[in-house]
Participant: 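Quick one: the structure is below, questions incoming.
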Amino acid sequence: MSFLFSSRSSKTFKPKKNIPEGSHQYELLKHAEATLGSGNLRQAVMLPEGEDLNEWIAVNTVDFFNQINMLYGTITEFCTEASCPVMSAGPRYEYHWADGTNIKKPIKCSAPKYIDYLMTWVQDQLDDETLFPSKIGVPFPKNFMSVAKTILKRLFRVYAHIYHQHFDSVMQLQEEAHLNTSFKHFIFFEFNLIDRRELAPLQELIEKLGSKDR
């Protein structure tokens, strides 16, 4: 089931992924939101003392999925098969989709189709209790870090596409401050989980956001 075309007008692109109230991960999310509210993003991304790194990465990955979901949801009407026939981040970077299971060989597709594949795939990972356990005491799998790295790498591509192809629309909607804060939070958070080469499409912006905060 593809969510994109059934909910195009509803502003939210996919169902929000909720962390169960009362769970330890919910407490961690509340901690993250409280420190984010202080406006100090570098502090907000630091692993809280005594907490498990996997759990911290899991909670924040869910949060970024929800943020990007919402940001992309505001510009879906501008990101169409006609306006974005390929998934790109400027003229030098083009992405082809493969998930390794359903689509093994990378396929060239439009940006809305690619982002639909990508967000559906991320949602499937987040909903998989063996990968993202929501119950306390259930251990994270050995391959958790590599899954988290792939999710963050792919979510970055949605930011890259929005910045390169739709920033004018973002400005028209007066969403640029929201987008910049979300992206800055994402970049400060990523714990060197994303390969530097993957970040190349937004390298100048990353340097600019980082230098403002030193």
Participant: Quick one, Ile75 with Leu173, criterion side-chain contact (heavy atoms from CB on, under 4.5 Å). Give me CA distance, side-chain angles, the key distance, then yes/no.
Facilitator: CA-CA 9 Å; Ile75 57 111; Leu173 295 164; 3.8 Å; yes
Participant: Could you tell me the separation between the CG atom of Asp63 and the CG atom of Leu28, rounded to the nearest 0.5 Å?
Facilitator: 11.5 Å
Participant: Does CZ belonging to Arg196 count more than 12 external heavy atoms closer than 6.0 Å?
Facilitator: yes
Participant: So Phe189 and His185, would you call those rings parallel, tilted or perpendicular, with 30° and 60° as cut-offs?
Facilitator: perpendicular
Participant: Please identify each residue that fulfils side-chain contact (heavy atoms from CB on, under 4.5 Å) with Thr181, with sequence neighbours left out.
Facilitator: none
Participant: For residues Lys113 and Trp97, determine if any side-chain heavy atom of one lies less than 4.5 Å from a side-chain heavy atom of the other.
Facilitator: no
Participant: Can you hop from Leu47 to Val62 via hydrophobic side chains spaced under 4.5 Å?
Facilitator: yes
Participant: Is Ile151 close to Trp121 at the side-chain level, that is, under 4.5 Å between some pair of heavy atoms?
Facilitator: yes
Participant: Is the closest side-chain donor-acceptor distance between Glu176 and His178 under 3.5 Å?
Facilitator: no
Participant: Please evaluate residues Ile115 and Met119 with respect to the criterion side-chain contact (heavy atoms from CB on, under 4.5 Å), reporting the C-alpha separation (whole Å), side-chain torsions for both, the decisive distance (0.1 Å), and the verdict.
Facilitator: CA-CA 6 Å; Ile115 292 172; Met119 298 299 266; 4.0 Å; yes
Participant: Does CG in Asp168 sit with more than 12 non-hydrogen atoms of other residues, nucleotides or ligands closer than 6.0 Å?
Facilitator: no
Participant: In residues 126-140, what donor-acceptor pairs under 3.5 Å come from side-chain atoms, sequence neighbours left out?
Facilitator:
| from | atom 1 | to | atom 2 | distance (Å) |
| --- | --- | --- | --- | --- |
| Asp127 | OD1 | Lys17 | NZ | 3.1 |
| Asp128 | OD1 | Thr130 | N | 2.9 |
| Asp128 | OD1 | Thr130 | OG1 | 2.6 |
| Asp128 | OD2 | Thr130 | OG1 | 3.4 |
| Glu129 | OE1 | Ser134 | N | 3.0 |
| Glu129 | OE1 | Ser134 | OG | 3.3 |
| Glu129 | OE2 | Ser134 | OG | 2.8 |

Participant: Please determine whether side-chain contact (heavy atoms from CB on, under 4.5 Å) holds for the pair Ile162 and Phe167, giving the CA-CA distance in whole Å, both sets of side-chain angles, and the decisive distance to 0.1 Å.
Facilitator: CA-CA 6 Å; Ile162 294 172; Phe167 197 67; 5.8 Å; no
Participant: Working to the nearest 0.5 angstrom, can you tell me the gap between Leu193 CG and Thr61 OG1?
Facilitator: 8.0 Å
Participant: Would Tyr72 and Asp116 count as a side chain to side chain donor-acceptor pair (under 3.5 Å) here? Give the steps.
Facilitator: CA-CA 11 Å; Tyr72 184 70; Asp116 189 37; over 6 Å; no
Participant: Under 3.5 Å, side chain of Gln25 to main-chain N/O of Glu55, donor-acceptor pair present?
Facilitator: no
Participant: Would you mind reporting whether Pro48 and Trp56 have side-chain heavy atoms less than 4.5 Å apart?
Facilitator: yes
Participant: Before giving the answer on side-chain contact (heavy atoms from CB on, under 4.5 Å), spell out for His96 and Glu94 the whole-Å C-alpha distance, their side-chain angles and the decisive distance to 0.1 Å.
Facilitator: CA-CA 7 Å; His96 296 174; Glu94 187 178 306; 2.7 Å; yes
Participant: For Val86, does its backbone N or O pair with a side-chain atom of Ser110 as donor and acceptor, under 3.5 Å?
Facilitator: no
Participant: Would Lys184 count as a cation-pi partner of Phe186, with NZ or CZ less than 6.0 Å from the six-membered ring centre and within 45° of the ring normal?
Facilitator: no
Participant: Is there a side-chain contact between Pro201 and His164 (heavy atoms, below 4.5 Å)?
Facilitator: yes
Participant: I want to check something: taking the side chain as every heavy atom from C-beta on, are Ile107 and Tyr117 in contact at a cut-off of under 4.5 Å?
Facilitator: yes
Participant: With distance as the sole test, does Glu175 use its side chain to make a donor-acceptor pair with the main-chain N or O of Met171 at under 3.5 Å?
Facilitator: no
Participant: Anything under 3.5 Å between a donor and an acceptor, one on a side chain of residues 153-161, the other on a protein residue two or more places apart or in another chain? List them.
Facilitator:
| from | atom 1 | to | atom 2 | distance (Å) |
| --- | --- | --- | --- | --- |
| Arg154 | NH2 | Ala98 | O | 2.9 |
| Arg157 | NH1 | Tyr114 | OH | 2.9 |
| Arg157 | NH2 | Glu198 | OE1 | 3.4 |
| Arg157 | NH2 | Glu198 | OE2 | 3.3 |
| Tyr159 | OH | Ser182 | O | 3.4 |
| Tyr159 | OH | Ser182 | OG | 2.6 |
| His161 | ND1 | Ser88 | O | 2.8 |
| His161 | NE2 | His166 | NE2 | 3.1 |

Participant: Apply the side-chain contact (heavy atoms from CB on, under 4.5 Å) test between Glu190 and each candidate in Val45, Ile57, Leu199; give the one that qualifies.
Facilitator: Leu199
